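Okay, structure first, notes after.
Numbers restart at 1 for each chain; the letters A, B, ... are given by sequence-line order, proteins then strands. None of the values given here were measured: they were computed from a predicted structure.
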Protein chains: 2
Amino acid sequence: MDISEIAKQTGVPASTLRFYEEKGLIKSVGRSGLRRVFAPSALERLALIALGRAAGFSLDEIGKMFAPDGKPRIDRRVLSDKAAELDATIRRLGAVRDSLKHAAVCPAPSHMECPTFRRLLAIAAPGAVDRKVGRTSSKKPGVMAVSKARRR
Amino acid sequence: MDISEIAKQTGVPASTLRFYEEKGLIKSVGRSGLRRVFAPSALERLALIALGRAAGFSLDEIGKMFAPDGKPRIDRRVLSDKAAELDATIRRLGAVRDSLKHAAVCPAPSHMECPTFRRLLAIAAPGAVDRKVGRTSSKKPGVMAVSKARRR
DNA sequence: GTAAAACCTCAAGTCAACTTGAGGTCAAGA
DNA sequence: TCTTGACCTCAAGTTGACTTGAGGTTTTAC
């Protein structure tokens, strides 16, 4: 299969496939003239890569999950940890979604005056609301900074 | 309140607060000498910003959600749409998590040989598995590319 | 036989959201 | 007084994952 065939079937652009090959994430089985030739197994490999990306692994991390022989050799512990992390992310996103939905219908003049909204916000953006001020205050900062997820 | 007080209470670094001010996302009420002075309402504003970020809005989008007077003026439609988008993301992440969990325990020699894994993968990374090959084939590419989420 | 399409390499550019660094100001404590 | 530390500005750098572009070759279509 040539690069455009892989691109067509996976939706991954040819430029990305070349980039992945350069990074060692996929391999072509040879060349036909200049052109790369891929085995169909590249499709599976790309599916695994897509899964890894969706789970929040970096390309470098994903690269290390394949043994030099090409077979996936994955640390089960790492997977479980990531699954747990995803669980937390999912819960937080649920609160975010609920906050959004609530804000979309809540008639309160200012959302911050709405107890429901504040409660959701406390989960969605921990540390952002209701911290007591000063008073020889607690050193621990609230983490308003958005934690982890991924874009582009 | 000075910038370090805000930073301490929200966990957002001072450099980020200056950056946000420059972008028009937050405002200081004045200066004490060189130093910015913030009203406590900045904390609420930052909570809203954190929510927006968590929901996947860009800083520019968030900026447009505040009227010039400072009050949030939010398009309910936009919120509902984003909530729906989050719903989809949450479902997909659930499948990703399940794939990971399964891969962590599945004894199959190659994960791709495991039907359960393949089924989950089909949801986690749509288009990645089981597409029929060629045959005057369908033009639509599978989108193996990771869609949306956020990191950093 | 010739031109357009499809591929190639390699270097450089892009994007968002910040961070870092150099160089400077200012108030408070020893 | 002096020096430390918290703050300031503005420009430039960082990160990860790609994309784009220039310049070149090959394959396919007429």
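When the side-chain nitrogen and oxygen atoms of B:T16 are compared with OP1 and OP2 of C:dA17, none of them lie within a distance under 4.0 Å. Distances shown here put every side-chain N or O of A:R35 at or beyond 4.0 Å from the OP1 or OP2 atom of C:dA6. Side-chain nitrogen and oxygen atoms of A:S4 include at least one within less than 4.0 Å of the OP1 or OP2 phosphate oxygen of C:dC7. Contact check, B:Y20 against C:dA17: no side-chain N or O comes under 4.0 Å of OP1 or OP2.
If you measure from atom CD1 of A:I49 to atom P of D:dG16, you get 18 Å, rounded to the nearest angstrom. Atom NZ of A:K23 is separated from atom P of D:dT15 by 13 Å (rounded to the nearest Å). The CG atom of A:L25 sits 9 Å away from the P atom of D:dC18 (whole-angstrom rounding). Straight-line distance from the CG atom of B:L59 to the P atom of C:dC15: 16 Å, rounded to whole Å. At whole-Å resolution of the value, CD1 in A:I3 and C1' in D:dT19 are 14 Å apart. In this structure, B:E22 places its CD atom 9 Å from P of D:dA11, rounding to the nearest Å. Spacing between atom CG of B:L34 and atom C1' of C:dG23 amounts to 13 Å, rounded to whole angstrom units. In this structure, B:L17 places its CG atom 14 Å from C1' of D:dC8, rounding to the nearest Å.
Among the protein residues, B:S15 comes within range of the nucleic acid bases, having at least one heavy atom under 4.0 Å from a base atom. Residue contacts for B:D60: at a heavy-atom cut-off of 4.0 Å it reaches no nucleic acid atom on any strand shown. A:G33 comes within 4.0 angstrom of sugar-phosphate atoms only, judged by non-hydrogen atoms across all strands, and of no base.
Between B:K82 and B:E85 a salt bridge is recorded (basic side-chain N to carboxylate O distance below 4.0 Å). Note on A:D60 versus A:K64: no salt bridge recorded, every NZ/NE/NH1/NH2 to OD/OE distance being 4.0 Å or above.
Looking at the side chain of B:R31, the nearest of the listed nucleotides D:dT9, C:dT9, D:dA6 is D:dT9.
Comparing A:D2 and B:R18 by the nucleotide of DNA chain C whose heavy atom lies nearest to each, the residue mapping closer to the 5' end is A:D2. Of the two residues contacting DNA chain C, namely A:E21 and B:F19, the nearest-nucleotide position lying further toward the 5' end is that of A:E21.
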Stepwise, does the side-chain contact (heavy atoms from CB on, under 4.5 Å) test hold for B:I6 with B:V12? CA-CA 8 Å; B:I6 302 276; B:V12 177; over 6 Å; no
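When B:R36, B:E21, B:R35, B:R18 are each tested for a side-chain hydrogen bond (donor to acceptor under 3.5 Å, both in side chains) with B:S28, only one passes: B:E21.
At a cut-off of 3.5 angstrom, counting only N and O atoms as typed in the model, there is no donor on one side facing an acceptor on the other between the side-chain of A:R53 and the base of D:dA17.
When only modelled atom types and interatomic distance are considered, A:S4 and A:D2 share a side-chain donor-acceptor pair under 3.5 Å.
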